[in-house]
Structure formats: structure tokens, C-alpha cells
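Report on the structure given below.
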Amino acid sequence: MWPGTPDAATTGCCCARSPTRSCSKSGDCRARPTATPTPAGNVPARHFLPRRPASPINRPGARRLTCWAQTGPECRRCGSRLCGDDNVRTQPHHQHLASRRIAARVAGGVDTAADLAASIGRRLAADAVVAVVNGAESDLGIALPDGATVSIVTVGTDAGREVLRHSTSHVLAQAVLELFPGAKFAIGPAIENGFYYDFELPDGATFHADDLERIEATMRRIMDADQAFVREECDVATGLGVFADQPYKREIIERVDASEVVGDGTVSLYRNDGGFVDLCRGPHVPSTGKLGNFALQKVAGAYWRGDEKRPMLQRIYGTAWESPKALAEHLERLAEAELRDHRKLAAELDLLSFPEELGAGLAVWHPKGAMVRKLMEDYSRTRHEQGGYDFVYSPHVAKSVLWETSGHLDFYADGMYPPMEIEGASYYPKPMNCPFHMMVFKSSTRSYRDLPQRLFELGTVYRYERSGTLHGLLRIRGFTQDDAHIFCTPDQVVDEVVSLLGFVLSVLRAFGFDEFTASLSTRPPEKSVGSDEDWGLATDALRNALEREGLAYDIDEGGGAFYGPKIDVKVRDAIGRHWQLSTIQADFQLPQRFDLQYVGADGARHRPIVIHRALFGSVERFFGVLLEHFAGAFPAWLAPVQVRVLGVRNDHDTYAERLVDRLAAEGYRADWVRAEEPLGNRIRRAKLDKLPYVLVVGDDDVANGTVGVNPRGGNVERDVSVDDFVARLAAAVESHV
RNA sequence: GCCCGAGUAGCUCAGUGGCUAGAGCAGCUGUCUUGUAAACAGCAGGUCGUGGGUUCGAUCCCCACCUCGGGCUCCA
């Protein structure tokens with residue numbers, strides 16, 4: 001890959017591993033969240049409303065509420081309209097409408113959105129958190145303008161949860177300011193599954209774990225008090241006055257884009273009866289009593305505005321849900337993710353380790369882990385061989401001139417290990433394989449008849465990752481890429497990418513993934529190389545490939561590297577987390593840097609296009625993802641030990657040993673354990689090792705040539721003939737289940 | 001890199017400014033001869049992450065370093 005941009009390491013061409021940190025132990029997706037379209041109805045938390053629509057009829061006295069059916073949405077299940085006839089009070093629609101959003105147009109008398117909800121039904125009123133009035137989220141207490149289209153957002157929806165998480169973060173801030181006089185508070189948004197709030201404590205003090213309990217208790221008291229969130233609007237000067245001793249709030253008021261925030265000189269605040277006031281666009285739940293199903297989770301440092309040159313603030317993370325049940329389920333998901341943690345499983349199953357003596361981010365593979373890895377690599381090699389790739393190898397170090405030509409020393413030096421000085425030259429450990437593959441291509445004159453040429457290598461690279469970013473196998477300093485560079489003519493790009501994407505998905509499916517999403521990153525608006533024609537061609541090729549595969553994708557407009565567009569493929573794992581694995585990336589730049597040429601049919605020299613691509617991304621990272629996906633229970637074709645044979649008594653050991661010999665002779669991985677301890681215990685060990693099959697053999701089996709089969713996750717079966725079992729095993733291995 | 005937290009036997013964890021630092025599991029040695037997730041007994045195993053400092057005395061307090069964990073992106 002071409003290091004191109006300063007963030008090349010994280011934009012990830014085939015050589016750049018996925019930038020992701022894994023899901024935190026908390027079970028949040030380990031893949032770095034990518035820009036995905038906001039789901040319908042999931043209105044992002046906004047903190048400054050556009051000014052309330054001018055309404056001439058804020059007539060508080062008006063009690064009569066007339067709504068009529070919104071003639072738009074129909075129920076997706078029954079097809080009926082959302083509301084009744086004209087002049088009929090709006091009714092909550094069928095319970096099966098997951099969102100339970102109510103649409104109505106208000107005419108005549110005006111009430112608040114809360115009144116509207118109440119008039120529709122008690123359940124709706126109880127579940128309501130905010131309203132969407134003429135497309136803008138508002139507090140329920142907002143007076144409804146005449147003719148407004150209103151929907152009520154309830155707690156059990158994405159939008160509803162976002163509001164209650166945001167409101168919970170406000171209560172967190174209220175509690176912290178109460179408990180830590182002099183604390184400064186910064187921002188507190190809702191995030192996926194929860195919220196956080198950033199603080200600066202006086203004299204550089206920090207939060208400690210036991211502080212969370214105190215803070216949580218104070219928050220519960222505030223919620224029990226059911227304090228109303230009251231919106232106020234004021235001008236900038238007043239706002240600055242309110243937050244005279246809150247520098248972060250002042251900075252927000254002063255610095256945020258004028259058009260968005262103070263376009264008409266209005267700043268919105270929320271004040272509650274507890275005497276707490278926060279700068280906030282809103283909306284909020286009506287009162288703190290609507291909250292309560294939350295938990296504070298952890299404390300972390302976070303730079304103000306994510307800028308490491310700015311002060312580091314103290315961040316408290318929490319999670320909040322609409323019901324105790326939803327909260328409990330979330331906490332269970334976290335526990336489940338923790339059980340699958342690849343670092344824990346790798347140690348328990350004796351797969352690999354990170355000895356301190358090696359240095360951070362460097363692993364050694366133990367025999368069982370190495371067997372799984374070998375099987376993965378063998379499979380990859382077989383598929384690449386079938387796929388028309390040529391295999392190459394390259395050394396681990398190269399002189400500085402190579403990295404100067406490639407541009408790595410200009411753009412990627414921070415990610416490289418420092419050089420070794422030998423015989424007057426500087427040798428750098430390689431952070432990427434691409435320059436070597438360029439050299440292979442350049443080693444002789446290439447004809448258009450040779451193209452596309454696909455050079456593949458399981459190439460081990462070393463990158464200096466900042467110490468704080470290391471994370472098990474998912475972010476590591478020495479790792480191996482299943483890296484290939486495809487050299488092709490411009491008019492081969494389309495077909496090549498189409499077949500490549502099919503190849504990628506086919507290989508990923510073979511490893512047990514069956515749900516994929518992709519993103520297509522296009523030309524950055526500024527600073528990119530290559531002609532519009534090249535970009536158009538390559539981008540269309542990528543898009544075509546995605547559409548032909550029927551792969552859902554989003555477009556990351558301008559998110560490509562400056563040297564070419566790319567596709568990133570993400571998989572969904574067994575517990576619903578998404579991981580970015582594969583990447584396919586077009587490159588117009590590296591061929592120029594290395595002055596690559598081929599002789600065309602016209603006898604002239606032309607510049608090839610390079611496609612970088614990786615399927616696993618990093619073998620280590622992919623292994624880690626697989627380990628979590630399977631929770632350590634590798635399918636038979638990948639399991640380091642497929643079959644364990646246990647004699648009931650030690651006079652069955654000979655038979656057990658013969659069975660193992662036969663399985664080994666047929667190419668299976670089997671072992672046996674002497675009958676020196678009770679059968680139950682030996683079975684237990686095999687189960688803890690998550691072996692696919694345990695065979696128990698006793699008197700009957702020795703006499704009849706049978707086995708007792710105890711499959712992982714299945715029921716024990718007695719008197720199975722050895723041939724039957726072998727056939728079953730063969731089928732499982734063959735089908736990768 | 002920065003903030004917070006952690007580091008005691010292979011693993012999971014107790015424990016203490018003052019005698020030779022404990023347990024379970026794993027390991028080893030015996031005994032047991034077992035039909036589907038934990039037989040019994042014994043033995044061995046630790047420079048309490050590393051290096052400095054304070055102290056009569058440090059695994060414990062202080063400092064530095066190393067390694068690990070969480071976070072530093074989703075912008076009131």
C-alpha cells in the first residue's frame with residue numbers, strides 16, 4: 001500500500017490494517033464506527049433547535065384538540081392508515097408498530113405535545129419522551145403551532161433512547177457539580193448504547209472507581225426528585241454570563257458555528273428545579289423522573305475536543321435504557337462479549353501469548369494456535385492459487401532508498417521501526433509489503449499480455465503503533481498480511497474488481513461469516529492525484545462490483561485515500577458485532593512512484609493501475625476475530641484437535657490408540673488420553689478445550705468396532721461404527737461446519 | 001504518546017510496614033480402573049513486574065521504568 005496520507009495507517013488499504021480498535025470489553029462494537037446513515041427515525045442528538053416556528057396561536061386556553069389523519073405512512077403490516085378519519089381523535093396505532101410514533105396534524109386549538117400525547121392515550125403519554133414537530137425534535141412541553149405535523153417519540157425507539165441517554169448525562173453532570181464543587185463541565189452526548197460527560201476537576205483531581213458509586217447515588221436522588229427540565233433561551237451575552245465560571249461552556253458558545261448555534265443570537269439552556277443549568281440544544285425528557293435505568297461504567301481520560309494538544313478531561317461513561325429489562329439485557333451482552341474476549345480465550349485454550357520479554361504488541365504462537373493459523377493460511381494459499389495469484393516472498397528489511405521511492409519515509413515514518421545501520425546503509429523493518437511487490441513487477445519488461453498480474457504474499461510487517469493503541473491481536477506491532485497487489489491495465493480494472501469482490505466474500509463465507517456490509521470511499525475533494533478519468537473508472541469499477549454482488553454499502557464521500565478509491569468490507573459476527581476485515585483499494589500513485597510500465601498492444605509503454613487488497617487484513621487480527629466469533633469453539637476444519645478418544649478403562653487404551661492412528665492416517669487431528677482418571681473428568685477437560693468430537697470407547701466398542709460419539713453441542717450417541725464416524729467427520733470438515 | 005487503573009505460583013485470586021507469603025485449579029508422583037462435564041492422597045511450585053529511594057526493616061510507602069486493561073471517534 002501506498003502510505004499516502006498521514007492517516008494512511010488508519011484509512012487502511014490492503015496493507016493498512018483495519019484501524020479498528022476492537023469493541024471494548026463492554027461489548028460495544030470493536031470496529032471503529034463508520035459513517036453510516038442514520039436509521040430512519042433516529043434523529044441525532046441536537047443541542048440547539050432551530051428557532052421555534054413562529055406560531056401566532058400560542059393560545060394557552062385552547063383545550064380542544066383536533067387532529068386528522070396524516071395521509072402518508074401506512075402500517076407496514078396491515079396497510080391501514082396511521083390515524084382515523086377527519087376530526088377523529090388520533091389513536092395510537094397497532095401495538096405492533098415498533099416505533100409507536102404517532103403522527104397528527106394539529107389544527108384549531110393548540111396544546112403542548114405532551115397534551116397531545118395524553119389525549120391519545122395514557123400509555124403513549126407515559127412512554128413519550130420528546131416530540132417531532134414539523135420535522136424538528138422538541139421538548140414535549142413545546143406549544144404546538146397551528147397546522148403542525150407532530151409525532152411523539154417514545155422511549156423504546158432509537159430516537160427515544162438517545163434522548164433519555166442524553167438527559168441522563170445531564171443528571172450525571174448535575175450530580176458531579178454537586179459532589180465536586182468547582183468542577184468544570186464540558187460536553188455530554190448520547191453515544192451508542194449510552195452516554196458520557198467530560199469534566200475537569202479542581203486542581204487536576206481525578207475520579208476514582210468508588211466515586212462512581214457516590215455519583216450514581218446522587219443521580220438516583222435527583223431522578224427520584226423528578227425535577228423538570230425547563231428550557232430557556234437567551235442571547236449570547238447572557239449565556240456567557242450564566243457560564244461565567246465555566247470556560248468550556250463559554251468556549252462552546254463562542255466557538256461553535258454561528259449559523260448553527262447562535263445564528264439569531266439565541267442560546268438555549270436547560271434549568272431544572274435542582275438549581276442546575278446546562279447549555280444545551282435539547283430536547284430532553286420532561287423531567288428526571290423519566291430516567292433511572294442506567295449504570296455508570298467507567299472513568300477515562302479524554303482530550304477536550306479530541307485534540308491531544310488540549311487539556312485532558314475526565315470522562316465518565318454510562319449506559320441507559322428504557323426499562324430495567326433492556327438495561328439487564330445490555331449488561332448481559334457485555335458479559336457475553338467479555339467471555340468471548342480473544343485475549344482470554346487465547347490464554348485459556350493455550351493458543352498464543354504475549355511474553356513481556358518480547359516487548360509490547362508482539363506475540364508467540366503456541367502449537368494449538370499455530371495449527372489454527374496454519375490451517376487458515378493453508379486455506380488462503382489454496383484459494384489464491386486457484387484464484388490466479390502468483391506467490392512471492394520478500395525480506396523483512398530493506399534499505400532506505402526503497403522507502404524513499406515508495407514515499408513511506410515521507411508519509412509513514414512515524415509508523416516505522418527505526419532503521420538498523422549496517423555497512424553505511426540504513427535498513428528499515430518493513431511496515432508494508434507493497435514496495436517489494438513493485439520491485440517484482442519491475443524486474444522485467446511486462447507486456448499487456450501478462451496482465452493482470454496478481455502477486456500474493458503472506459507478508460509479515462512491523463509497525464510502531466503508539467503504545468496506548470495496542471490491543472491483543474487486534475492491534476499489534478508485528479503481524480502478517482494476506483497481501484496482494486494486482487497490476488492491470490485501466491480497462492481491466494472493472495472485471496478485476498468484480499471478480500475480486502466475489503473472491504473476497506467467498507473466502508470470508510468459508511470462515512463462517514455470512515452477513516456483510518461495505519463502504520465505498522470516493523475521491524477526496526481536495527488533494528488527490530490521478531486524472532478524473534482514472535478516478536471515475538476506478539470508482540465505477542468498485543461500485544459496479546458492489547452492485548453485482550448485491551452487497552449493501554454506504555458511500556463515504558471523499559473518504560478515499562488521495563491515491564485512489566476503496567471498498568472496505570465488514571462482517572457481522574455471531575453476537576452481532578461488526579468488524580472491518582477486507583479492503584480493496586485502487587492506486588494510481590505507486591505505479592508512478594516506481595515508474596511501472598507495461599508494453600501495450602500498440603507497442604508503446606503504459607502505466608498500469610495497482611489494486612491493493614487484503615482479505616483477512618492481518619492474519620493475527622483475523623484470527624482474533626474468528627476466536628471471538630466462534631467463542632473459541634473452532635469448527636472441525638479449523639480445530640487444532642478435532643477428535644479426542646477416551647478409553648473407559650485403561651484396557652481400552654490400545655483400541656483408542658489404534659483409532660487415533662487411523663484418523664491421523666486419514667488426515668485428521670486426533671489424540672487420546674490414558675484412562676488414569678475418571679472418564680467424567682477427561683470428558684470435562686475435552687469440553688473445556690472446546691473440541692468438536694469426543695469419542696468414548698469401552699468393552700462394547702472394542703468388541704464391535706464402534707465408538708460412542710459425544711459431539712460438541714450435541715447429544716451422546718452410542719454404538720456408531722468407526723466408518724460412519726469418519727464419514728461424518730469428513731462431511732463436517734468438508735462443509736466447514 | 002496522554003489520562004485513569006492494574007501487575008503476588010502456569011491460571012484465577014487471598015494477604016501483610018515485623019518470624020519461613022496463602023488457597024483453588026493446572027503440573028508432578030502414587031493409589032483408584034472408571035460408559036459421557038470435577039476420584040483420593042502426597043509433592044513441587046513465588047527475587048510478590050523491574051530498578052531506585054524512605055525506613056532498623058519494604059511485596060506493602062514514594063519515584064522512575066516495563067507490561068497489561070479501559071479511554072482519548074461518534075462534537076453542549
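Letters go in sequence order (proteins before strands), and every chain restarts at 1. None of these values were measured; they are calculated from a predicted model.
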- Earlier contact from the 5' end, RNA chain B, for A:H652 and A:A300: A:H652

- Query: Looking at B:U34, B:C68, B:G71, which one has an atom nearest to any side-chain atom of A:L470?
  - Reply: B:C68

- Query: So, is A:R685 near the phosphate of B:G27, with a side-chain N or O under 4.0 Å from OP1 or OP2?
  - Reply: yes

- Name the stems that RNA chain B belongs to, where each is three or more consecutive Watson-Crick or G-U pairs with both distances under 3.5 Å? B:1-7 with B:66-72, B:10-13 with B:22-25, B:27-31 with B:39-43, B:49-53 with B:61-65

- Picking from B:C74, B:U67, B:U36, which would you name as closest to the side chain of A:R315? B:C74

- Message: Just N and O in the side chain of A:Y303: are any of them under 4.0 Å from OP1 or OP2 of B:G1?
- Response: no

- Task: Using a cut-off of strictly less than 4.0 Å, decide whether A:Y196 has a side-chain nitrogen or oxygen near OP1 or OP2 of B:C74.
- Result: yes

- A:R343 side-chain N/O to B:G69 phosphate OP1/OP2 under 4.0 Å: yes

- Message: Need to verify one output field. Residue with the more 5' nearest nucleotide on RNA chain B, A:F207 or A:D719?
- Response: A:F207

- Query: Above 12 or not: heavy atoms from other molecules or residues under 6.0 Å from CG of A:N715?
  - Reply: no

- Using a cut-off of strictly less than 4.0 Å, decide whether A:T206 has a side-chain nitrogen or oxygen near OP1 or OP2 of B:C3. no

- Task: Return the value, rounded to whole Å, for the distance between atom CD of A:E357 and atom P of B:C68.
- Result: 12 Å

- Not counting sequence neighbours, which residues clear side-chain hydrogen bond (donor to acceptor under 3.5 Å, both in side chains) with A:T238? List them please. A:D235

- Looking at residues at least two apart in the chain, or sitting in another chain, which of them share a salt bridge (Lys or Arg N to Asp or Glu O under 4.0 Å) with A:D651? A:R649

